[in-house]
Each structure stands twice: as structure tokens, then as C-alpha cells.
Amino acid sequence: MNQVSDVIESSVGLEQPEEGKLYDYITKMEIQNTPENREAKVVIEERLHKEYGYDLEQMLPEFRIQKGSTLIGPADVVIFNDSKTKNQDNIFAIIECKRKDRSDGIEQLKTYLAGVESAQYGIWFNGDDIVYIRRLKKAPHWKLTYNIPRKDEPLGLPRKDSLKPASELVKAFESCHNHIYVNDGHLKDHVFNEMLKVLFIKLMDEKDYTSKVCKFGITEEEFDEIQEGKENAFKERIQKLLNLAKSQHKDIFSKDEVINLKLSTLAFVVGQLQNYDLSHSSRDIKGLAFQKFVYAHQRGDRGEFFTPDPIIDLAVKMINPNMNEVVMDPACGKRYIPSFNLTPYML
């Protein structure tokens, strides 16, 4: 019995109180445990470091921006061009964070950017939704874009050897979902289905070792052209990946399968995911992201659900199967795609 208790304790763990201490990811100093800090600020700081590669030494929270002779702000987070000079003249990007029920703050971010000549990008993030702004040197002074560059890299098609495992894939999924829902107006099931198609071809591209550069991706120039209604190579690249998926996986895709998203929406979603190495992201991260996505789109309508990861871990540890054994679950109700290392999804 004690062994079972040990397994349960190690698998499930104890729920941490929401009102516990919270530490800034950059400075490691204790900060107020507010929804804005907990769900947006600390999250984006970690993503900027782990996913985008910016050094902790080249970022600062709560940086006071000076516009003329007036101090404004503080900006929630700033990224400097390097770690040597941490002043306003060396700022590369500014991040403004809000709590989940807030949709304001973009104009505030633009005010910060207007006072910083060196800044090239701005990010507005509320834990679910995300907006990227490119600062321009002349009118109209701003434009929306789909991401910011990773450290020392251009904003374009990534090399496959530069892809990084996701640290906060859940947040990226939520941003994609919200963008699709707002801009395309699909019903819940449709949003989930379109996202699955996109993720499938993303994984296919990662496993195509004949090319060193990702086909699943978009450049800043292509994104701008799509906003202007111009044709470019992005649509053709994605279509070729889908055609390949249809030809190689006829049991999954019908011959008439299409991605039912506006081109501008698809461009944003691809831009959110293109730098991730989903094939080598941990199963826990991908599983949690899929579970959250399915909960949002199917569980309420159909009563379907995933077994939580801690329960799965508990069952595996208790059964302790080896490579020569077969585990049968007659009530699993799930389909697996082992060749793509995808989390199981409902049929």
C-alpha cells in the first residue's frame, strides 16, 4: 500500500495555492501575484528566453520610458539589442501585458514605441491573445505582423536545425484559436479540425529531411503581401504540404481535403508555430495543449474528454509495462498517430 501511495504522490502531486509567491522570470525577484503578472508577464518573459533565445541579461521588466521630458510607463518588459547597454537608445522590442479579461493596451504600447527610436517591434499579450507590431520609420508608423524575430535571426523561413521545442505551446495554441475564431467565425468543432490539419502538415515538414529550410513558414514580406491581397509563394508552399499529406495518409485525409481558413488567418497561425520543433517538444506540453484545445471545442458539446496526464502517468507507473507486453484498453475511444508522435485525439 505504501508503494501505491508513493506512486500516487509522485504522479499527481499537490495543488499549489493560487495566492502563493510569484517571482519575475528575468530578475528572480518576488512580484505581486496578480493575474496580469502570473498569466501574461512571467509567461512571455519565459517564452522570450526559451523560445526566442534572448538572454536574461538583455531584458528588463518595469522599464521607464521617457518621451521628451516626460517619463511614461513603465513598460512591462523591454528587450535590448544586447546586454551591454541597458538604456532607452538600445531597446529592440517593448512588451505590454494585460490580464485575460482586458483588451486595451495596444495604444499604450504604441505610445511607448513612439518614444523609442531604436525600437523595432512591440508585443501586446494578455495570456490568451497576442498582437505583434512592427514600428516603421515613416507614416503610417505601425503595421501588424505575425511574430518577432528570434535572437540574431531574420523574421522568415527558419532552418530546421534552428527549431526549438515549445516551452508554452498552450499559450500559442490559445492565441491561434482566438485568432481563428475572431477572424473566420468558424464553429467550435471547425476551429479544432482546421488546427489539426495545420499541425499535421507542420509535423510532416519537420520530418522531411530532404530540405534544410522549413516549407511550413512565412516571411514578413509574404505576410505584408497577404494583408494587401497580393499573391505570393506562401499559399503554394502550404498547399503542396497538404497535397503530400493527402497522398501519403489517405486514411486520414480525403482527396478533397482543404484548409478552410482565410489566407490571412492561416498566415498568422503558421507564423505562430513555424519556429517550434513539435517533434521533440515534450509529450506533456503537447498533451496539455491538445487537451485544452479539445476541452474548449468538444467536451462541452459532446461530453468527450482526455484522461488527465497525472492519471495516465499513475496508471503507467502502476502497471509498469515492458517492451514485450501489449496493453489493451477496450474503452479508450481514441486514435493514435504514432509516426507523428501526436497526442491522441478523439475520433
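All residue numbers refer to positions in the sequence shown, counting from 1.
- Of the possible polar contacts, none joining the Thr145 side chain to the Ile133 backbone as a donor-acceptor pair under 3.5 Å is found.
- The shortest heavy-atom contact between Ile201 and Ala245 is CG2-CB, 4.2 Å.
- Both Ile94 and Leu144 belong to a common hydrophobic cluster when Ile, Leu, Val, Met, Phe, Trp and Tyr are linked at side-chain heavy-atom distances under 4.5 angstrom.
- No donor-acceptor distance shorter than 3.5 angstrom exists from the side chain of Asp205 to the backbone of Cys214, with no hydrogens or angles considered.
- Side-chain contact between Arg134 and Leu155 is absent, with no heavy-atom pair separated by less than 4.5 Å.
- No donor-acceptor pair under 3.5 Å is formed between the side chain of Asp55 and the backbone N or O of Gln58.
- One hydrophobic cluster holds both Phe253 and Leu244 under the rule that ILVMFWY side chains link at heavy-atom gaps under 4.5 Å.
- The nearest pair of heavy atoms linking Gly53 to Lys151 is O-CD, 3.0 Å.
- The one candidate from Lys202, Lys215, Lys240 that meets the salt bridge (charged side-chain N to carboxylate O under 4.0 Å, His left out) condition with Asp208 is Lys215.
- Linking Ile, Leu, Val, Met, Phe, Trp and Tyr residues whenever their side-chain heavy atoms come within less than 4.5 Å leaves Leu113 and Tyr54 in two separate clusters.
- In this structure, Glu206 contributes its side chain and Ser279 its backbone to a donor-acceptor pair below 3.5 Å.
- Going from atom CG of Leu263 over to atom CD of Glu231 covers 7.5 Å, rounded to the nearest 0.5 Å.
- Between Phe125 and Val43, the shortest heavy-atom distance links the atoms CE2-CG1, 4.1 Å.
- Each of Tyr132, Tyr52, Phe92, Tyr112 was compared with Tyr121 under the ring pair (Phe, Tyr, Trp, His ring centres under 6.0 Å) criterion, and only Phe92 meets it.
- Here CD1 of Ile26 is found 4.5 Å from CE of Met59. Values are rounded to the nearest 0.5 Å.
- For the atom pair CG (Leu163) and OH (Tyr276), the distance works out to 11.5 Å, reported to the nearest 0.5 Å.
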Next on the checklist: If you apply the rule side-chain contact (heavy atoms from CB on, under 4.5 Å), what do you find for His177 with Ile180, and how did you get there?
Outcome noted: CA-CA 5 Å; His177 154 251; Ile180 294 171; 5.9 Å; no

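- Using modelled atom types, one finds no donor on one side chain facing an acceptor on the other under 3.5 Å when comparing Gln227 with Lys143.
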Next on the checklist: What verdict does the side-chain contact (heavy atoms from CB on, under 4.5 Å) test give for Ile44 and Cys97, after you've listed the backbone C-alpha separation in whole Å, the side-chain angles of each residue and the deciding distance to 0.1 Å?
Outcome noted: CA-CA 9 Å; Ile44 198 67; Cys97 298; 3.9 Å; yes

Checklist entry - Taking it one step at a time, do Phe63 and Phe80 satisfy ring-ring contact (aromatic ring centres under 6.0 Å, His included)? => result CA-CA 11 Å; Phe63 188 87; Phe80 300 100; 5.6 Å; yes

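- Among Lys246, Lys250, Lys197, the one residue that satisfies the salt bridge (charged side-chain N to carboxylate O under 4.0 Å, His left out) test with Glu257 is Lys197.
- Pairing each heavy atom of Ser281 with each of Pro165, the nearest pair is OG-CA, 3.4 Å.
- In this structure, Lys98 does not pair ionically with Asp76, as no charged nitrogen and carboxylate oxygen lie closer than 4.0 Å.
- Expressed to the nearest 0.5 Å, how far CG of Leu60 lies from CD1 of Ile79 amounts to 11.0 Å.
- For the residue pair Asn178 / Glu174, no side-chain donor-acceptor distance below 3.5 Å is found, with atom types taken as modelled.
- Ring geometry for Phe223 against Tyr146 counts as tilted: the plane angle lies between 30° and 60°, on a 0 to 90° scale.
- When the shell of 6.0 Å around CD of Gln66 is examined, it contains more than 12 heavy atoms from other residues, nucleotides or ligands.
- Checking Asp184 against Thr265 by side-chain atom types alone, a donor-acceptor pair falls below 3.5 Å.
- Residues Ile91 and Ile65 have side chains in contact (heavy-atom distance under 4.5 Å, counting atoms from C-beta outward).
- When side chains are defined from C-beta on, Leu22 does not count as touching Gln32, because their heavy atoms never get closer than 4.5 Å.
- Taking hydrophobic clusters as Ile, Leu, Val, Met, Phe, Trp and Tyr residues chained together by side-chain heavy-atom distances below 4.5 Å, Val78 shares a cluster with Ile106.
- A donor-acceptor contact shorter than 3.5 Å links the side chain of Asp82 to the backbone of Thr85.
- Within 6.0 Å of the NZ atom in Lys230, the count of heavy atoms belonging to other residues, nucleotides or ligands does not exceed 12.
- Donor-acceptor pairing under 3.5 Å is recorded for the side chains of Asp24 and Thr27.
- For the pair Met195 and Val269, the minimum side-chain heavy-atom distance is below 4.5 Å.
- Ion pair Lys171/Glu51 not flagged as a salt bridge, since none of the NZ, NE, NH1 or NH2 atoms sits closer than 4.0 Å to an Asp/Glu carboxylate oxygen.
- For the pair Asn126 (side chain) and Arg102 (backbone), a donor-acceptor distance under 3.5 Å is present.
- Proximity of Glu222 to Lys235: side-chain heavy atoms (C-beta onward) are nowhere separated by under 4.5 Å.
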Next on the checklist: Run the side-chain contact (heavy atoms from CB on, under 4.5 Å) test on Asp129 and Val182 for me, step by step, so that the C-alpha distance in whole Å, both residues' side-chain angles and the decisive distance to 0.1 Å come before the verdict.
Outcome noted: CA-CA 11 Å; Asp129 297 316; Val182 168; over 6 Å; no

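- Hydrophobic clustering (side-chain heavy atoms under 4.5 Å, transitive across Ile, Leu, Val, Met, Phe, Trp, Tyr) groups Tyr181 together with Val270.
- Formation of a donor-acceptor pair under 3.5 Å by the Gln274 side chain with backbone atoms of Ile218 is found in this model.
- Of all heavy-atom pairs between Pro154 and Pro149, the closest is C-CB, 4.3 Å.
- Atom NZ of Lys100 sits about 4.5 Å away from atom CG of Asp128, to the nearest 0.5 Å.
- Here the side chain of Arg237 pairs a donor or acceptor atom with the backbone of Gly217 at under 3.5 angstrom.
- The shortest side-chain heavy-atom distance between Tyr23 and Lys28 does not fall under the 4.5 Å cut-off.
- In this structure, the side chain of Lys86 engages the main chain of Glu57 through a donor-acceptor pair within 3.5 Å.
- Under the 30°/60° scheme for interplanar angles, the aromatic rings of His49 and Tyr25 are found to be tilted.
- In this structure, the side chains of Ser162 and Arg150 come closer than 4.5 Å at one or more pairs of heavy atoms.
- For the side-chain hydrogen bond (donor to acceptor under 3.5 Å, both in side chains) with Lys41, the qualifying choice from Glu46, Glu62, Glu36 is Glu62, the only one to do so.
- Looking at Gln88, its side chain does come within 3.5 Å of a backbone N or O of Gly115 through a donor-acceptor pair.
- Taking CG of Leu199 as the start and CG of Leu278 as the end, the distance is 6.5 Å to the nearest 0.5 Å.
- The nearest pair of heavy atoms linking Val258 to Leu242 is CA-CD2, 3.9 Å.
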Item to check | side-chain contact (heavy atoms from CB on, under 4.5 Å) between Gln272 and Asn147, intermediate numbers included | outcome: CA-CA 7 Å; Gln272 293 298 288; Asn147 216 321; 4.2 Å; yes

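- Residues Phe200 and Leu241 form no side-chain contact, since every pair of their non-hydrogen atoms from C-beta on lies 4.5 Å or further apart.
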